[in-house]
Amino acid sequence: MSAPLPRNEGEEDVLFDVDFLSDPPTAGQQRQPQQGQETPGFLIHDDSNRYNANYLFPQETIDLDRDENIENDITGNPFMDDTAATWNDDRFAESRHGSRLGGGRNTRSGGNAFTNFFANMRDRFGMNKKRYQSFEMTDFNNVDNHGTYEKSRNMFDIKILFNHYILRKPINSANENGPRLIHINDGIANDGLGYGDNHISTTKYNAATFLPKFLFQEFSKYANLFFLFTSVVQQVPNVSPTNRYTTVGTLLVVLVVSAIKECVEDIKRVHSDNELNNANTEVFSELDGGLIQKRWIDIRVGDIVKVKSEEPIPADMIILSSSEPEGLCYIETANLDGETNLKIKQSRPETSKYIDVRTLGSIQGHIKSEQPNSSLYTYEGTLILNDQEIPLTPDQMILRGATLRNTAWMFGIVVFSGHETKLMRNATATPIKRTAVERIINLQITVLFGVLVVLSLISAIGNVIMSTAGSKHLQYLYLKGTNKVGLFFRDLLTFWILFSNLVPISLFVTVEVIKYYQAFMISSDLDLYDEETDTPTVVRTSSLVEELGQIEYVFSDKTGTLTRNVMEFKSCSIAGRCYIETIPEDKNATFEDGVEVGYRKFEDLQERLNDSTNDEAPLIENFLTLLATCHTVIPEIQTDGSIKYQAASPDEGALVQGGAFLGYKFIIRKPSSVVVFIEETEEERTFELLKICEFNSSRKRMSAIFRTPDGSIKLYCKGADTVIMDRLASENNPYVDSTVRHLEEYASEGFRTLCVAMKDIGEAEYAEWCKIYESAATSLDNRQQKLDDAAELIEKDLLLLGATAIEDKLQDGVPETIHTLQEAGLKIWVLTGDRQETAINIGMSCRLLSEDMNLLVINEDTKEKTSDNMIEKLDAINEHKISPQEMDTLALVIDGKSLGFALEPDLEDYLLTLGKMCKAVICCRVSPLQKALVVKMVKRKSSSLLLAIGDGANDVSMIQAAHVGVGISGKEGLQASRSADFAIGQFKYLKKLLLVHGAWSYQRISMSILYSFYKNIALYMTQFWYGFSNAFSGQSIMESWTLTFYNVFFTVLPPFVIGVFDQFVSSRLLERYPQLYKLGQKGQFFSVTIFWGWIMNGFYHSGVIYVGSILFYRCGAVLNKHGEVADHWTWGVAVFTTSLAIVLGKAALVTNQWTKFTFVAIPGSFILWIVYFPIYAAIFPHANVSREYYGVVSHTYSSATFWLMLIVLTVFALMRDFVWKYYRRMYAPEAYHVVQEMQKFNISDYRPHAQQFQSAIRKVRQVQRMKKQRGFAFSQSEEGGQERIIRMYDTTQKRGIHGELHDASADPFSDDHYVNVPSNPFSDENHEPTLVNGEDSLEL
C-alpha cells in the first residue's frame, strides 16, 4: 500500500478511496514517494514497464486520513481461485467468466431476471448485510483493461440497466474506439467481453417498448388527445351535460382495438424473425471437441462455424479454411449488393490447413478486429496465431446475408453477430409510419378544435350575457349572487363537452377496422397469389393501405426483383447464320440484301457440323470448342454422374452449359489443360492451356491460348462486340456484316451479347510473344498495364466466328408492369449493385428505358466532376426549354461513386432536380446504405409518396425508409418480405396492388373519413343553433343515450360499408386505364379543400334541420288526440330522426356501387331506428333509464307533423347535393365519371390496337441505338488472379477424407499438403466426431 496523498482544499471527504480503475502509471506520471519514505520493492518498475515481482496486484490507494472504519469487502482469500490450484496471471480475467462454467462464487442460480437484478442492486448499494461486497482488481495482463471504467460507470446508468434487465440487451463493454479482441477457441473469454448475440429483430415493438411506443403513436393523433382531455373534463362535478363515462369508455375501446391490431401485425413479424433465428448450423465446440448443431440465435462472437454449399452465412466471419485449394471459396452476394457474380474469397495460407475438428481444436490465438460498421467492402483486422501477426483483409471476410456457392464447405470464425453485422448495420429500425391522409386529418382536426373553442366561447359568453341582461325574467333560476367569471369558465367546459362530438370518436375505430378488412381482401385476392411458389400476398402493416393509391415514386431493386437471376443460353450466330432451339413465330431464316436474317434450329447446326464437306463445319467446331474451353469455370462431378459447373460469372456458366447442350461438354480441368467430351463421336479431346489473358472492365474481353490435340496453337477470344470488331483481320472476315445484323436483332430482344473470334498462332510467333508476356508478368512496375499491352500484341488479326445471345430472364410480366406503372404517372428508379452496362441492358429489356430515350450518364471519380456534370446537364435542359413531352425521353444513369458525391448536402438538390426531370433513373453499383439514402433524400426533399420494392436483405433499409415498403418472397431469402409493409410473390403483382387495391383503398378510406366528420356535424351542430333559443343554458335537444347510440348503432354501418365494399371503378377498367391512378396522386378524393367542403355541407344540413324543425313545431302546433301539446323531447326525437334520414340519404348519394351490404347499411340503419325507438321508449323509462322518453312515442309516430317534417326537410336538404352531383357529371365530369358511364352502360373501347405497329417502331429504334452505340452486357469477375485460381484445380483428383481439394499447381511433395493425412487412411481418426443428442458421447 502506498502512503495516502495529501488532500487538496475543497476535495470531498470520502469514507475510503480505492483506486481500482487506474491503469499502471506511465513514465513521468508515477507518483513520487514522500521524502524519507522508502518505496516498497514490489512497486519498482523495470524498463519494460513490468513489475519485478511475479504475483502483484494493481496499486490500491486507501485514504486513512479520516477515522472511519473500513469494512473488508473481499469474500474469502483473494489470492486463491477455486478453479485453479496454482497461480494464474489471468486469474482475474477468468473469474468473471464463472457464469459460463456454471460455477463461481458470484453466480446466482435460480430466480428470474428481476430477482437477480434487485439482488445485484442490494449488493452494490451495501443493503445486503449477510454478504460481503465483492470486487475485481484490475488485471494488467488483460488487454481489455480500458473498459473497466465504462463497466463501473454502467452499473448505475439507468438506460443501460433498462436495456440489460428489461430489454435483455447485452452491455457491450468493449472499447468502441479501439480494436475488438476475439479469442479463438476460448468462448469463456469472449463471453466476458460483452459482445451481442446473433439474434435479429425486425419487430416494431417488444414487451418493454409496446406501451410507450403504442401510446405515443396513438396520441400523436390529435383527435385522441382531444378525447382524452374531454374525458378528464367530464369528471369535473356539475359540468358535464352528459354521462361522465361516455367519452372515456369509447376512447378505451378505440385504444384497445388499435392495440389488438398492432399486436396481431407485430406477432407476424415475430414469427418471421423466429424462423430465421432458429435456423440450424454446425458450430465447433472446444469443450466437446466436435461439431454440434446450434441455432443461429445461439451463435456467439468467436465461434467457429461450418457452412456447407448453398447455405447462407449466419454471421460476419473470417474464413479459416475450405474444401477448395488454398482455402478458396465462392460467395454469392446478391442478397447484399445485388451483384450476381460469385465473389472469390480465400483464407490466409496459415489457416487453410485447419480442415477437420482435430486441427481446429488446436488453434490458439486471437483476432484484433475493427469495430462493427456499415461498410460492406472494407475490413481491417489482425490474426495473432502462434505469436505471429497475420493481416486480415476483405478477402477473408464473409458477410451475413451472403450464400456459399460451388464450395463443399468452409470453416469461419465469427467476428460480428446479430445487429452488429454489416448487413444489419445497413438496416434501420422498423419505423412507425403515418399516412398522408392521417397527417391531413391531424392538421384539420387542430383547425376543428379551433372551431369548437370558438363555438364554446360564443355559447359561454352568450349564457353570461343572457343571465345578466335577462336576470329580471330569470328569477326562478336563483341566479342572484352567481360569480359571472366562474359561470363563464364552467359554461366553457360544459359547451366543450356538448360540442365534442363534432369530432367523431368512432371514426378511428371504423377506419382501423376498414383498413384491416381491406388488408384481408388484398391477402385473399387470387390474382395476387403466386401458385408456383405457393406465396399469397401478405399485408404486414394494414394502416398503410390507402398509401398504395397515392404513390408517385417507385424505388426498385433489380436482381431478383425485376430479373430471376437466371442466365439462359438462348441463341448463337455462327458463320452468318442464327441458330435457336425454338424458332419464334414468323422468324424463319430468310435473305435480305444478301444477309440471312431469322433463325434456324439447333438441329440444323448439328447437321452442318457433322457434314465434313460443309465449309461451315470447321467454323462451327471452333465456335463450340471456344464455348467449352475459353472460360474460368470449374466442373464438378455430382453423385448421380451429372456435371455441375462452378462459375464465378452466371454468363460464363450459361455459355459453357450452352456448349454442352450443343454437344461439346467440358468435363475436366487440370492446372495446364482442359478436357472436352464430344457427344457425337464420344471422344475426349485434351487442350493444353498455355496462357490466359484475363478479363477486366477496360479490356472487355478474355482470351485463352491452347495447344489443340492436333498440335496447333489457337487463340480463342470472347468479349464485347466493339472491342472484338476492332481487332479483326482486315481481310478474310466474310461474316462481319451478317453478325452485326444478328447482334442488332439480339439487342432488340434484350439479350446479353458477346462476340467470339479466334486466331491460329505459329510456334515462332507464340515463343516470341511468350517472352514479352512473361516479362510483363514478373514486372514490379505497373504490371497490370504491361500485361494488357502484351495481350494487345497477340489479340489482333482475329477471325470472327460469330456471336452469342444470353437471356437474363426477367420475372414474369415485368415489362408490361413497368410500362403500365409509367402510364399511371409513377416514376421508377432502379437501384442496383450491378455494373452500368448490365443495368442499362436490363432497363431496355424490361421497358424501363425505351430506344428513343436520351440517357444522361453520370460516371465521375471526384466530387467536383460530379457537380460539374450535373450542373452542365441542368443548364442544357433549361437552355433548350424542353417540353413535357420531351422530358419523357430523358433517363438518368448514375454510378455508385458519383451517387456518393451527389448525396452530399451541397449536391443533393441538383441530383433530385435532375431525377425529377427524368422519366426513369438507374443507380448502378450502389450499396444498401446508399439505396436508403437515395430514398430518404427524395422523401425529405419532396412531398411525394414513395414506394420501395426489393427481395434481398440488401433492400431492407431502402424498404423501411420509404413511405411504403414492398418485399418480394424471392430466391434471395425472406429478409426483405419480413421487414416490408407488404409482401408479394412477384414484381408483376405490384400493378394490381397499386392500380386496383391502392386506388380502391384510397377512395374508400377518403369517403369514409369525410362522411364520418360530416354526419357528426350535421347532427351535433343543431345543439349550437339551439343555444340561441335556450339562452345558451347548455340544454341538450336529444336524450344523452340516444346521442351516444347515434355513432354506435345507427350511423356506424354506412362508413364501414363504403370503406370496405364500394368500388368507384371496376378492377378491369382500373387496369385498362392506368391514368385513373393519377386521381390519387393529385389528391382528388381527399384534400384540405374537399375536407372543409364536407364540413360546410354538414353545417348547412344542421341549419336546415334546426330551422325547419322550429318552423314545423312552433307555437305548439303538434297536438295529441287529447289536445296534449308535444313536449321538448318529442321535438328532439323528430330532430334526431330527420338528421338520421338526411345523413343516410347523403350516404346513398355518394355510394358508387350498391350491394346487399349497402342495402343493409343505409336503408337498414333507418329501419333499425324506426323499429328500435318505440321499443326502447316504451320499456327503458320504466327501468329508470332515459326517463325523458316517458310518453313520447304516442306524440311522434301518431303525428302527421312528424312524418311531414321528415319528408320535406330530407328532400330540401339533399336537393343541393343532388343538383351539384348532376352538374358535375353532366357539365364538368372527371375522368373517372366517364369510365363509370362506360362501366354502367357496358360501352366498349373502340381505340385501334396498335401493338404490332408499336412493336415494329420499337424494333427500329433499338436497331438505331445499336448502330449508334453497341455495348455489351457480360458479367464477369474483375478481381484478377483468375488464371492462378483455375490452375489450382485438378478435377481428376479425388477429394480428401474431409472433402478437401489440394492445390494441384503447388509442389505435390510439400509437407503442407500432408498435415491432415494420417499414416492409416482408414483410421477412425479421419472421421469427424459428431455429438449424439447434444451429449458428450461421440458417434464415429
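Side-chain atoms are counted along with the backbone in the values below, which use heavy atoms only and exclude waters and symmetry mates. Everything numeric in this text was worked out from a predicted model, so none of it was measured.
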Could you tell me whether the side chain of [Y] reaches within less than 4.5 Å of the side chain of [X], counting heavy atoms only?
X     : Y    : value
F555  : K931 : no
L826  : Y553 : no
L856  : C918 : yes
L655  : K718 : yes
I313  : L399 : no
D557  : I968 : no
S1001 : L548 : no
L892  : W829 : no

Before accepting this row, confirm whether a basic side-chain N of the pair [X]/[Y] lies closer than 4.0 Å to the acidic partner's carboxylate O.
X    : Y    : answer
D808 : R752 : yes
D604 : R577 : no
E581 : R600 : no
E310 : R405 : yes
K809 : E807 : yes

Consider only side-chain N and O atoms of [X] and [Y], and report whether a donor and an acceptor are under 3.5 Å apart.
X    : Y    : result
D981 : T541 : yes
Y529 : D534 : yes
S571 : Y746 : yes
E652 : T632 : yes

Item to complete: Apply side chain to side chain contact (heavy atoms under 4.5 Å, CB included) to I634 and Y645, showing your working.
Response: CA-CA 6 Å; I634 310 295; Y645 293 119; over 6 Å; no
Between [X] and [Y], what is the shortest heavy-atom contact and its length?
X    : Y    : result
L848 : I818 : CA-CG2, 3.8 Å
L528 : T537 : O-OG1, 2.9 Å
H742 : C578 : CG-SG, 3.3 Å
A902 : I894 : CB-CD1, 4.2 Å
L743 : A803 : CD2-CB, 3.8 Å
L899 : Q930 : C-NE2, 4.2 Å

Between [X] and [Y], is there a donor-acceptor pair closer than 3.5 Å when you use the side chain of the first and the backbone of the second?
X    : Y    : value
K939 : A961 : yes
D955 : M958 : no
S845 : I842 : yes
R701 : R699 : yes
H963 : L946 : yes
T407 : Y330 : yes

Going from [atom1] on [X] to [atom2] on [Y], what distance comes out if it is rounded to the nearest 0.5 angstrom?
X     : Y     : atom1 : atom2 : result
F569  : D651  : CZ    : CG    : 12.0 Å
L1076 : L1070 : CG    : CG    : 6.0 Å
E531  : L526  : CD    : CG    : 9.5 Å
R847  : T817  : CZ    : OG1   : 10.5 Å
S898  : R925  : OG    : CZ    : 12.5 Å
L662  : L624  : CG    : CG    : 5.5 Å

Worksheet item: If you count the non-hydrogen atoms of other residues, nucleotides and ligands that lie under 6.0 Å from NZ in K919, is the total more than 12?
Response: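 For K919, atom NZ is crowded (more than 12 foreign heavy atoms under 6.0 Å).
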Worksheet item: What do the steps show when you test I574 against L801 for side chain to side chain contact (heavy atoms under 4.5 Å, CB included), and what is the final call?
Response: CA-CA 6 Å; I574 308 175; L801 297 175; 5.6 Å; no
Discussion item. Quick one, E568 with I806, criterion side chain to side chain contact (heavy atoms under 4.5 Å, CB included). Give me CA distance, side-chain angles, the key distance, then yes/no.
Written reply: CA-CA 6 Å; E568 181 180 339; I806 297 174; 5.9 Å; no
Worksheet item: Taking only residues two or more places apart in sequence, or in another chain, which ones meet S309 in a side chain to side chain donor-acceptor pair (under 3.5 Å)?
Response: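 For S309, no residue satisfies side chain to side chain donor-acceptor pair (under 3.5 Å) once neighbours in sequence are set aside.
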Worksheet entry | Verdict with supporting geometry, E596 and S738, side chain to side chain contact (heavy atoms under 4.5 Å, CB included) | CA-CA 7 Å; E596 182 176 298; S738 56; over 6 Å; no
Worksheet item: So among L831, V893, N859, which one has a side chain to side chain contact (heavy atoms under 4.5 Å, CB included) with C924?
Response: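 Passing option: V893.
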Practice prompt. Test ring-ring contact (aromatic ring centres under 6.0 Å, His included) on H631 and F666 and set out the steps.
Written response: CA-CA 10 Å; H631 51 73; F666 170 54; 4.6 Å; yes
